[in-house]
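Input: a single structure, listed below in structure tokens.
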Protein chains: 2
Amino acid sequence: MPDPPHAVDPVQLGAYFALIEVSGLLRHAIEQQLREAGDLTFVQFQVLMRLDQAAEGSRRMTELADAIVHSRSGLTYQAGRLEKAGLITRTPSPDDERGVTVTITDAGRALIARVLPGHEEVVGRMLFEPLSREDSQKLSDLLLPVRDHMRAAPPRSAAPRRRGAPG
Amino acid sequence: MPDPPHAVDPVQLGAYFALIEVSGLLRHAIEQQLREAGDLTFVQFQVLMRLDQAAEGSRRMTELADAIVHSRSGLTYQAGRLEKAGLITRTPSPDDERGVTVTITDAGRALIARVLPGHEEVVGRMLFEPLSREDSQKLSDLLLPVRDHMRAAPPRSAAPRRRGAPG
DNA sequence: TATTGTTATACTCTATAACTATA
DNA sequence: TATAGTTATAGAGTATAACAATA
């Protein structure tokens with residue numbers, strides 16, 4: 001094998017480790033806050049946020065699984081918890097009988113509204129306190145293209161290799 | 001309700017979500033690579049990296065637990081796996097009989113060396129491909145202060161007693 | 001008495017594979 | 001045949017609390 005085309009220099013390695021540590025510490029703090037404020041895991045919070053932001057508060061299962069990185073069975077598990085808690089509903093998709101449309105309930109929206117202020121407080125305090133408004137803008141400008149790059153890239157939720165591969 | 005002291009604006013919220021998604025996707029890809037290349041979890045990799053970078057390849061248990069965000073029992077569990085795999089040793093600390101000094105073995109260093117190229121390849125491809133060298137420098141400049149800020153903050157490995165509801 | 005680390009335990013989450021139903 | 005989602009299952013990882021040993 002020839003040299004890899006994407007070697008990382010020391011600066012990049014440092015940025016990478018900082019990214020990992022920052023996101024890890026942040027996530028840890030956030031999970032605590034969400035658990036105390038609303039008995040939510042971070043994954044569940046993400047699901048609710050996606051739904052809350054979505055048109056009509058609805059998304060398809062696979063859409064959510066892809067977005068939040070889980071396997072489908074993982075999302076089914078989480079959806080089961082959220083449904084049992086009355087925070088979402090699952091109904092057959094109108095245009096595709098195979099599909100399931102997940103919708104956030106009023107209780108779900110209320111919970112998000114209740115949890116969000118404390119959530120933002122934690123994020124503001126931990127992540128943005130040492131950053132100026134300009135810095136935040138820069139961070140956003142740097143991360144959004146990376147996110148899009150990653151989204152566009154290779155593997156997603158399920159789908160091992162048994163897809164339409166070798167005939 | 002009055003505005004919280006650390007409210008986040010929409011730009012910041014976007015940056016935060018991008019950070020979470022980027023680190024999540026990156027970590028997911030990395031875990032796959034590490035598992036295939038060296039049968040390592042990401043946490044184990046982090047432990048080995050810390051030791052590899054440390055003077056004499058040694059750290060104390062609590063030091064590692066704090067750095068990598070785990071509870072102590074969690075680190076004990078991981079250290080057990082790493083020791084069983086011959087990648088680290090645990091010896092009583094010379095200056096404090098209560099303590100345990102963790103040291104990376106030659107095999108541990110060899111494994112890091114074996115795994116690192118592929119690791120960097122993934123990081124370079126996923127994280128840095130859409131960023132110029134300058135961008136990477138900027139990202140580093142932004143994240144390192146945040147990391148230090150988070151490190152300086154109070155909550156660490158051992159969770160404080162559950163008491164006193166927050167405001 | 002406080003701190004370091006381990007053990008026991010219980011629980012959550014995740015992924016794989018098999019399965020059902022629809023396109 | 002391919003896709004959407006669920007179920008069964010099995011395994012890894014985590015945190016909490018109790019514990020032992022040293023400071």
Side-chain angles (χ1 to χ4, degrees), chain A residues 24 27-29 31-32 34-36 39-47 58-66 68-85 88-102 155-167, chain B residues 24 27-28 31-32 34-36 39-47 59-66 68-85 88-102 155-163:
Chain A
R27 185 164 171 155
H28 196 257
E31 277 174 347
Q32 226 173 298
L34 289 174
R35 189 166 53 246
E36 288 169 9
D39 197 30
L40 282 177
T41 67
F42 187 53
V43 170
Q44 290 164 1
F45 173 73
Q46 285 182 97
V47 171
S58 296
R59 295 275 189 191
R60 288 282 293 271
M61 288 291 286
T62 298
E63 215 178 324
L64 291 171
D66 281 349
I68 304 177
V69 168
H70 282 302
S71 59
R72 291 175 180 186
S73 65
L75 184 63
T76 296
Y77 171 80
Q78 293 295 348
R81 306 224 119 204
L82 289 169
E83 191 175 41
K84 205 168 95 176
I88 65 166
T89 59
R90 278 185 287 187
T91 57
S93 297
D95 54 325
D96 186 340
E97 280 292 321
R98 297 170 302 178
V100 167
T101 294
V102 182
R156 273 304 224 268
S157 63
R161 310 266 129 167
R162 286 175 195 198
R163 281 285 162 132
Chain B
R27 185 166 170 153
H28 196 256
E31 277 174 347
Q32 228 173 295
L34 289 174
R35 189 167 51 248
E36 288 168 9
D39 197 29
L40 282 177
T41 67
F42 187 52
V43 169
Q44 291 163 1
F45 173 72
Q46 285 183 96
V47 170
R59 294 276 190 190
R60 287 282 292 275
M61 288 291 287
T62 298
E63 215 178 325
L64 291 171
D66 281 349
I68 303 175
V69 169
H70 282 302
S71 61
R72 291 176 179 184
S73 65
L75 184 64
T76 296
Y77 171 79
Q78 294 294 350
R81 307 225 119 203
L82 289 168
E83 191 174 43
K84 204 168 97 176
I88 65 166
T89 59
R90 277 185 287 187
T91 57
S93 298
D95 55 325
D96 186 340
E97 281 291 321
R98 296 171 303 179
V100 167
T101 294
V102 183
R156 276 299 225 269
S157 65
R161 307 295 145 163
R162 204 193 136 211
R163 66 173 49 189

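Per chain, numbering begins at 1; letters A, B, ... match sequence-line order. Predicted, not measured: the structure shown is a model, and the values here were computed from it.
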Does a side-chain N or O of [X] approach OP1 or OP2 of [N] to a distance below 4.0 Å, or not?
X      : N       : result
R90(B) : dT6(C)  : yes
H70(A) : dT16(C) : no
R72(B) : dT4(C)  : yes

Send over the distance from [X] [atom1] to [N] [atom2], rounded to a whole Å.
X      : N       : atom1 : atom2 : answer
R27(B) : dG13(D) : CZ    : P     : 11 Å
R60(A) : dT22(C) : CZ    : P     : 14 Å
E31(A) : dC13(C) : CD    : C1'   : 11 Å
F42(A) : dA15(D) : CZ    : P     : 16 Å
I68(B) : dT14(D) : CD1   : P     : 11 Å
L40(A) : dC13(C) : CG    : P     : 11 Å
Q46(B) : dT14(D) : CD    : P     : 10 Å
R59(A) : dA4(D)  : CZ    : P     : 16 Å

Margin query: Heavy atoms only, 4.0 Å cut-off, all strands: where does T41(B) land among base, sugar-phosphate and nothing?
Written below: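 If one applies the 4.0 Å heavy-atom cut-off, T41(B) turns out to touch the sugar-phosphate alone, with no base involved.
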Problem - Residue list, salt bridge (charged side-chain N to carboxylate O under 4.0 Å, His left out) with R90(A), at least two apart or on another chain - result: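 Scan of R90(A) (salt bridge (charged side-chain N to carboxylate O under 4.0 Å, His left out), adjacent residues dropped) gives E83(A).
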Polar atoms only, N or O, under 3.5 Å: list the protein pairs with nucleotides 19-22 of chain D and their distances.
none

- prompt: Where along residues 73-83 of chain A does a heavy atom come under 4.0 Å from DNA chain C, residue by residue in number order?
  reply: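 By residue number: S73(A), Y77(A), Q78(A), R81(A).
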*How would you list, by chain and number, every residue that makes a ring pair (Phe, Tyr, Trp, His ring centres under 6.0 Å) with F45(B), sequence neighbours excluded?*
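Partners of F45(B) by the ring pair (Phe, Tyr, Trp, His ring centres under 6.0 Å) criterion, ordered by chain and then number, come out as H119(B).
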| said: Taking side chain to side chain donor-acceptor pair (under 3.5 Å) as the definition, give me every residue that meets it alongside E63(B), ordered by chain and number, with sequence neighbours left out. | reply: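 In terms of side chain to side chain donor-acceptor pair (under 3.5 Å), with neighbours along the sequence ignored, E63(B) is linked to R59(B).
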Can you name the residues that form a side chain to side chain donor-acceptor pair (under 3.5 Å) with E31(B), not counting sequence neighbours?
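With neighbours one apart ignored, the set is R27(B).
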(request) Flag the pair L40(A) / R35(A) as yes when at least one side-chain heavy-atom distance between them is below 4.5 Å, and no otherwise. (result)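 The answer is no, as the side chains (C-beta and beyond) never meet within the 4.5 Å cut-off.
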Is there a side-chain contact between T91(A) and S58(A), using heavy atoms and a 4.5 Å cut-off?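 Not touching, per the 4.5 Å side-chain cut-off.
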**Message:** Given dT4(C), dA15(C), dT6(D), identify the nucleotide with an atom nearest to the side chain of V100(A).
**Reply:**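 It is dT6(D).
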key: CG-OG1 distance between L75(B) and T62(B), expressed to the nearest 0.5 angstrom   =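 L75(B) CG to T62(B) OG1: 8.5 Å, rounded to 0.5 Å.
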Point-to-point distance, once rounded to the nearest 0.5 Å, from OG1 of T41(A) to CD of Q78(A)
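If I round to the nearest 0.5 Å, the distance is 5.0 Å.
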Closest-nucleotide ordering on DNA chain D, the 5'-leading residue of V43(B) and S93(A):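 Its nearest nucleotide being more 5', the pick is S93(A).
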Passes side chain to side chain contact (heavy atoms under 4.5 Å, CB included), T101(A) versus R60(A)? Steps please. CA-CA 5 Å; T101(A) 294; R60(A) 288 282 293 271; 4.0 Å; yes
